[in-house]
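This report refers to the structure that appears directly beneath it.
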Amino acid sequence: MDKMFCYQCQETARGQGCVVQGVCGKKPETSTRMDQLLFAVGGLAIVNCKLREKGAADREASRFIVDALFTTITNADFDNEMLDNYLDRAFELKNIAIGTAKKRGIDLPDLPQVWYHIGRNDYGRLEIVEHGGTFAEEIFTVLHEPDPNVRGLKQLAVYGCKGMAAYARHAANLGYEDEDVYTVIEQALAETCSPDKTVPELVDLVLGVGDGGVKAMALLDKANTESYGNPEITNVNIGVRNRPGILVSGHDLKDLEELLVQSEGKGVDIYTHSEMLPAQSYPFFKKFPHFAGNYGNAWWRQLDEFETFNGCFLFTSNCIVPPRPKTTYTDRVYTTGVVGMPGTHHIPDGKDGAPKDFSALIEAARKCPPPTEIEHGEIVAGFAHHQVLELAPKVIDLIKRGKIRKFVVMAGCDGRMPSRKYYTEFAEALPKDCVILTAGCAKYRYNKLALGDIEGVPRVLDAGQCNDSYSLIVIADALKDAFGVKHINDLPIVFNIAWYEQKAVIVLLALLSLGVKNIHTGPALPAFFTPDILAVLQKEFGIGTISTVEDDIKTLID
């Protein structure tokens, strides 16, 4: 457990892989547990796929696989004890599934992921327990595949599944599930465990994962809008009030709902942070008078901005950053769901479908001073597909009159690297007849710029969270029909997407599965993209990398 290799995020060390400690703060022993969990989940997926062929798939196993993938996503879980519990549960479920398969006479493949498990020795330490066949440590992860192209494509599929799992979990929290999404995830994991997959087969697998990503995002869009209404244009306050506050980060709207209900009338205000900003635009949440504005910026600036907030914090999904050693707010951080951080408080799921109990968080917040204001004013949000389609006649007229020349999709993630100032400079350099379509925390690079509007249509249209990239697909599809063209690629839309972690990976794969071409991505290519993989993507989809602002404006706009 003293060694690691991880290259699943954009900030991986030297652009090659983190081997001492993750740039995210992940320790080797945590990374190892995640590798073990993925190994275990691969085996569970193989068995559940076999059961599904006979109409006997275990829904509890499917839900667990989603959670296990989600908890290994970048900046979600740093708690080794929590990961150990996931491991125990993975093998418990796999043993149950194997027992069901045996009773039904279902043959299972002779793969280590199926027939090995991790148990605890007499000292309580995790160790490998042999169940048959042969074992080598490299089976714990496909990182040790001898063919770099096979390795990279398998990782691309696994990382896409991680992003898809995050969206599936948020939808399931609202009572929305899709067996097709579970099937895609489990089949993809099972395929990546196979030792004899060819590169063409894995390319097809990756695109299939992208198709699953479209389904998962559509499912979550349905869950959010049917639960909370369609987002509407909203002026969001970025200042503060004079009461104690709770700052909600992450992505899960169900957690936000339960917190708002339980904190009503308790003398605290609820603020959104980073990717929770889009919640400000849902009609349901607006009815709560103590639902204040948005505090701060993208996730990576939390180490400084949390110090000035003064209140308590709730992390509902990934995007948590390990606090500094002398941080003052650590004991005011609360996590829930798949999020874990040593030294903080974890709020478990409610029993038998009951709401989570946020009372301890609320009481702690009531004792805190109000937030310190770090900025003031308003930003405009709420341009998801329903709202933009209501503006469609005006938008189409502006396009036909030459007032809008191009839509530039700048969705994706933000990150710490100085090179990301490119996206601010690119937004500032765009000609005044170009409109930015955005989703995800990448927006914080330009959503507070004074970019103006085009006859009342803002030049930055914020569709919401990273999963709301689905809204951008719906908008493009509607414009395609309105202009009578055959494909999105025939529209005046270009893509300049920033990536950081695995949810951006599934957004990219979703776009590729829809046949979208000439996507530019940055600020750097994934380390798991080999030259051969990049060559395939360039040949089939024209995918490219960012260069300079001036050159990219010429390529994408002029």
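Just so you know, these numbers use all the heavy atoms, side chains as well, and skip hydrogens, waters and symmetry mates. Please read these numbers as outputs of a predicted model, since none were measured by experiment. Throughout, numbering of the chain's residues begins at 1 and tracks the sequence.
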With no hydrogens and no angle check, is any side-chain donor or acceptor of [X] less than 3.5 Å from a backbone partner on [Y]?
| X | Y | value |
| --- | --- | --- |
| Q387 | I233 | yes |
| S469 | C466 | yes |
| T32 | P28 | yes |
| H273 | G296 | no |
| R420 | R416 | no |

Return the minimal non-hydrogen interatomic distance between V181 and A168, and the atom names on each side.
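Between these two residues, the closest heavy atoms are CG1-CB, 4.1 Å.
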
What heavy-atom pair brings W499 and P526 nearest, and what distance separates the two atoms?
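Taking W499 first and P526 second, the nearest heavy atoms are CZ2-CA, 3.4 Å.
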
Could you check whether [Y] and [X], counting side-chain N and O atoms only, form a donor-acceptor pair closer than 3.5 Å?
| X | Y | answer |
| --- | --- | --- |
| D414 | W300 | yes |
| N85 | R89 | no |
| K254 | H170 | no |
| T74 | Q8 | yes |

Ignoring hydrogens and angles, write down the donor-acceptor pairs under 3.5 Å from the side chains of residues 434-444, residues two or more places apart or on other chains.
residue : atom : partner : partner atom : Å
T438    : OG1  : M410    : O            : 3.1
T438    : OG1  : Y446    : OH           : 2.9
K443    : NZ   : G440    : O            : 2.8
K443    : NZ   : D462    : OD1          : 3.2
K443    : NZ   : G464    : O            : 2.8
Y444    : OH   : S274    : O            : 2.8
Y444    : OH   : N294    : ND2          : 3.4

So, F313 versus F306, ring centres under 6.0 angstrom or not?
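So the answer is yes for these two rings.
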
Any residue meeting side-chain hydrogen bond (donor to acceptor under 3.5 Å, both in side chains) with K215, in chain and number order, not counting sequence neighbours:
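So K215 forms no side-chain hydrogen bond (donor to acceptor under 3.5 Å, both in side chains) with any residue.
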
